[in-house]
Asks: 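I have a structure here, written as structure tokens, and I will follow up with some questions on it.
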Amino acid sequence: MDPECSQLLPALCAVLADPRQPMADDTCLEKLLDWFKTITEAGSSLLLLQGNPCLVELLCHMLKPQDLSSRVLAFSLRLAGVLAAQEDCFQYLQQGELLPKLFGEAGPLGGAAWTSPTVRSGWIQGLRSLAQHPSALHFLADCGAVDTIFSLQEDSSLFVASAAGQLLVHILGLSMPGPAGGPPSLQAGDWPACAQKIVGHIEESLRATATPQITQALNVLTTTFGHCHDPWTQVLWVRLSPLVAGLLEKDPVPAAHSLVDLLLSVARSPGLSSSSCGLWETLARTLSHLSPTQAGPLALGILKLQDCPQALRAQAFAVLLQPLACVLKATAQDPGPSGVLDGIVGDSMTADMLLPSKAACVGLLCRTLAHLELLLPLPQRPCPWPQAPLLGAAVTLLQLCGGSARPTSDAGRHLCGLLLGCVRVQRAALDFLGTLSEGTGPRELVTQVFAVLLEYLRSPDSSPTVLKKAFQATFRWLLSSPKTPGCWDLDPHALLFLRDLLPVLQKRLCSPCWEVRDSGLEFLTQMTRHWGGQAGFRHALLASEVPKLTEQLLRDPESYVRASAVTAMGQLSSQGLCVPAAGPEHPGGQQSLLAELLHILSTDSEGFPRRAVMQVFTQWLRDSHADVAGDTEQFVAGVLQVASQDLDWEVRAQGLELALVFLEQTLGQPRSHCPCAVTPAVAAPVGPLAQALQPLCRVRLFEFAFRALFDCDRPVAQKSCDLLLFLRAKTASSGSLQESRSSPHVASVEAALQRWQAGDQAQPLGDLEPEVVLAVLRSLDLEGLQGALAESSDHVEKSPQSLLQDMLATVGVLGGNEADCY
């Protein structure tokens, strides 16, 4: 510990022990405890106590009958546990019977303070820190702490109850032998006392009739098998598995969710999953005893296992497919030629669970779709995968929800009534349908997929969130449509669908709901990015009103829509798909778009559209867009001038990204090209360095970067620092330019930069010459600034000394000038 902190610590301990003093907040106490943990992890706790006796005095003071703050008492209990984690310090504290008094009946446990959940939580956390060595186990047994932990499992505070269960797991793991000790005996009498007591309590809880007790025992076991993989866990499972399996004989199965968590935790444990302990049989029994709602997570967990008997995997997959099989049967549809669903279509229990109420039906279907969506991309998913039946089920669900299904059976009509207009199932089914696009399907089914997607996009009843997911699923299915070898254009069926889709998109771009307009623009941007260069797509798009409507949305009243319109127009322009505006005031559509985007960047009151403009401009510059390449310097200079005055730090940061692209291009870095790009005649500067840097000076790139270097927003300053370091590295090896470090102009620029760093950025730098720029770059400590920017803004105030000073200043022990302010 620093001498300065040692001098402040007695005063702080006195403040904490005085109930009359105003109390520090929880954050300060937590930081103080973290500091003590850091000290004890790096050195001796015993030396810390001997060098700072005020800490022992603070702990002793907690035992006096007084009106102590529950926060300070909880802090003291946790501090005692941190200190006693080292065995020599534990023995030192035991000499004065301090630990039994703090954690036994004589301490807070038997007083009024125990009514506070904060104190109970502090007591548990203190014991959790303390229980690190054999002496601690004897202490826990002697002071009766284990019985108290049992009772705290039923605490009214969920945090306390959860912490109590985790502490039991920790004590059990500490008391049992590790891998070197060999497996323990199955005889209970051979186990350590603490382990016997805990396992006995678990057994008693598993035999109980009250579900909360069973849940507590299952949760303890789940954590145990999830964190401990020593040989003794196998013995523990063999001993307890009959009691766990016995829960399946009760109707209904108690604590089903906790039982599923336990069985999956055991199945994932390396030693248990590979041993012959009846685990797979128990899993199979559980799948057959639980309801479909309860069994779904278990089935998914089984299918995710790397090593699992094939018969169990087949059973789990059948359980997972039951609700969708029920839907296909209720709507009198063929479950598919694969045979995967044939054996489960008639499951009456699933039908009973699916149809009695809307809540049960919706919840089960949404969970089933989510589970299958998670399973689909996994390498261990079942094979063969029933792609066609699942496609049919997803389409059927969407038809039932949309009202276009015409079931003939009573069950089908009842199901249609439950699901009609259900947004939750619509969203889940559209997500699942989009995921299924990664596979293939029969042409007639794919046609049905596009038909139901178009139905949802057209429907006036589709909610904004449903429409957004319908757009996303549509794009994914278009993306997966069959391609002719060597050609990336849409196939004829997809082009026919596109001709039906574009009028719908036009309608959605005129929607009174801004979320719908925004989703439509995002969909258009995605399509243009992928197929903007393909003849079929270009012809269909230019024959529609979509480009014109998109241009009009640049002036939408909602900022999110304006931002999406900017992005969409930028993509359309890059592909040469902008329709020229009519009228003498707009001689060229492309040129008018550039002017309009500059106008948005200069005048829009919201940050989202301005950020979008900067991203479009950066991409245009990177791709050598025709309008940018015509006069690149004028374009860059104008954009940087506007961006430098923007109040949004993300706009300024994007300006630095654009500046970096221009810098790389000017110094001859390779770049990509878009379809309408103009390739410059010279790919790299071939003259001396001064000639290469002149364009950067003319666009005032350096003034923009130097100003950003001292920006009040750290990300901007960091990006500027990176840019200038890159430039200095690129020019370091060149000897073609003589720097004049002592010139008056260099001195004036350095003085101006000092004023900028101090906050006065009113004075511009003026025209800079390459020699001056390089001299200033050499003089700046960019590495030091980069290191300072990488540190957190409160790295000084986080120091222990600062923390102690602030806590003391809060109660007036220090003068105001001695405390840090943060």
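What's counted below: heavy atoms across the whole structure, side chains too, no hydrogens, waters or symmetry copies. Source: prediction; values computed, not measured.
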Asks: Kindly say whether Glu455 contributes a backbone atom to a donor-acceptor pair with the side chain of Ser459 at under 3.5 angstrom?
Replies: no

Asks: I would like to know whether Val466 and Leu430 meet side-chain contact (heavy atoms from CB on, under 4.5 Å); could you show each step before the answer?
Replies: CA-CA 8 Å; Val466 168; Leu430 286 167; 3.8 Å; yes

Asks: Indicate yes or no for a side-chain donor-acceptor contact from Arg427 to the backbone of Lys469 under 3.5 Å, with no hydrogens or angles considered.
Replies: no

Asks: Any salt bridge between Glu650 and Arg610, counting N to O under 4.0 Å?
Replies: no

Asks: Please report the interatomic distance CZ(Arg476) to CD(Glu438), rounded to the nearest 0.5 Å.
Replies: 5.5 Å

Asks: State, with a plain yes or no, whether a side-chain heavy atom of Phe608 is found less than 4.5 Å away from one of Val566.
Replies: no

Asks: Kindly give the heavy-atom pair with the smallest separation between Leu541 and Pro547, and that separation in Å.
Replies: O-CD, 3.7 Å

Asks: Could you pull out the closest heavy-atom pair between Arg538 and Gly576, with the gap in Å?
Replies: NH2-O, 3.6 Å

Asks: Is Arg313 reaching over with its side chain to a backbone N or O of Gln380, donor-acceptor style, under 3.5 angstrom?
Replies: yes

Asks: Do Leu218 and Leu206 come within less than 4.5 Å of each other through their side chains, counting heavy atoms only?
Replies: yes

Asks: State whether the side chain of Thr567 and the backbone N or O of Ala563 hold a donor-acceptor pair below 3.5 Å, judged by distance alone.
Replies: yes

Asks: Can a donor-acceptor pair be found between the side chains of Gln619 and Ser574 at a distance below 3.5 Å?
Replies: no

Asks: CD/Glu606 to CZ/Arg611 distance, rounded to the nearest 0.5 angstrom?
Replies: 9.5 Å

Asks: Going through the distances and angles, do Glu373 and Thr435 end up as a side-chain hydrogen bond (donor to acceptor under 3.5 Å, both in side chains)?
Replies: CA-CA 7 Å; Glu373 187 178 353; Thr435 306; 3.3 Å; yes

Asks: Can Gln571 and Thr528 be counted as having a side-chain donor-acceptor contact under 3.5 angstrom?
Replies: no

Asks: Taking the side chain from Trp477 and the backbone from Leu433, do they hold a donor-acceptor pair closer than 3.5 Å?
Replies: yes

Asks: Less than 4.5 Å apart, side chain to side chain, heavy atoms only: is that true for Phe432 and Leu397?
Replies: no

Asks: Kindly say whether Leu436 contributes a backbone atom to a donor-acceptor pair with the side chain of Gln387 at under 3.5 angstrom?
Replies: yes

Asks: Please answer whether the main-chain N or O of Arg367 pairs with a side-chain N or O of His371 as donor and acceptor at a distance below 3.5 Å.
Replies: yes

Asks: Locate the shortest heavy-atom distance separating Ala393 from Leu324; write the atom from each residue and the value.
Replies: CB-CB, 4.1 Å

Asks: State, to 0.1 Å, how close Met569 and Cys578 come at their nearest heavy-atom pair, and which atoms those are.
Replies: CE-SG, 3.5 Å

Asks: For residues Glu154 and Gln216, determine if any side-chain heavy atom of one lies less than 4.5 Å from a side-chain heavy atom of the other.
Replies: yes

Asks: Which atom pair, heavy atoms only, marks the closest approach of Tyr456 to Gly402?
Replies: OH-N, 3.3 Å

Asks: For a quick test of reading the model, state the closest non-hydrogen atom pair linking Ala388 to Pro442 and the distance between them.
Replies: CB-CD, 4.1 Å

Asks: Tell me whether Phe475 at atom CZ has more than 12 heavy atoms from other residues, nucleotides or ligands lying less than 6.0 Å away.
Replies: yes

Asks: Show which side-chain atoms of residues 243-261 pair as donor or acceptor with protein atoms under 3.5 Å away, not counting sequence neighbours.
Replies:
| from | atom 1 | to | atom 2 | distance (Å) |
| --- | --- | --- | --- | --- |
| Glu249 | OE2 | Arg285 | NH2 | 2.3 |
| Lys250 | NZ | Ala208 | O | 3.2 |
| Ser258 | OG | Asn219 | OD1 | 3.3 |

Asks: If you apply the rule side-chain contact (heavy atoms from CB on, under 4.5 Å), what do you find for Trp531 with Leu498, and how did you get there?
Replies: CA-CA 12 Å; Trp531 299 293; Leu498 185 64; over 6 Å; no

Asks: Starting at CG of Leu263, measure out to OG1 of Thr282 and round the result to the nearest 0.5 Å.
Replies: 7.0 Å

Asks: Does the side-chain contact (heavy atoms from CB on, under 4.5 Å) test come out yes or no for Trp385 and Leu375, once each step is laid out?
Replies: CA-CA 11 Å; Trp385 178 259; Leu375 188 62; 4.1 Å; yes

Asks: Does the side chain of Phe471 reach to within under 4.5 Å of the side chain of Leu505, using non-hydrogen atoms?
Replies: yes

Asks: In Å, rounded to the nearest 0.5 Å, how long is the span from OG1 of Thr224 to CD1 of Ile202?
Replies: 6.0 Å

Asks: Roughly how far, to the nearest 0.5 Å, is the CD atom of Glu558 from the CG atom of Leu553?
Replies: 11.5 Å

Asks: Once you round to the nearest 0.5 Å, how far does CG of Leu279 lie from CH2 of Trp237?
Replies: 6.5 Å

Asks: Examine distances only and state if a side-chain atom of Thr331 and a backbone atom of Val327 form a donor-acceptor pair shorter than 3.5 Å.
Replies: yes

Asks: Do Arg413 side-chain atoms and Thr408 backbone N/O form a donor-acceptor pair below 3.5 Å?
Replies: yes

Asks: Kindly determine whether Val452 and Gln448 satisfy side-chain contact (heavy atoms from CB on, under 4.5 Å), including the steps that lead there.
Replies: CA-CA 6 Å; Val452 78; Gln448 291 180 37; over 6 Å; no

Asks: Tell me, do Arg562 and Ile600 make a side-chain contact under 4.5 Å, heavy atoms counted?
Replies: no

Asks: Is any side-chain heavy atom of Leu593 closer than 4.5 Å to one of Glu551?
Replies: no

Asks: Do side-chain atoms of Gln472 reach the backbone of Gly434 as a donor and acceptor pair under 3.5 angstrom?
Replies: no

Asks: Answer with yes or no whether the side chains of Thr293 and Ser291 bring together a donor and an acceptor at under 3.5 Å.
Replies: no

Asks: Is there side-chain contact between Phe523 and Leu501, with at least one heavy-atom pair below 4.5 Å?
Replies: yes

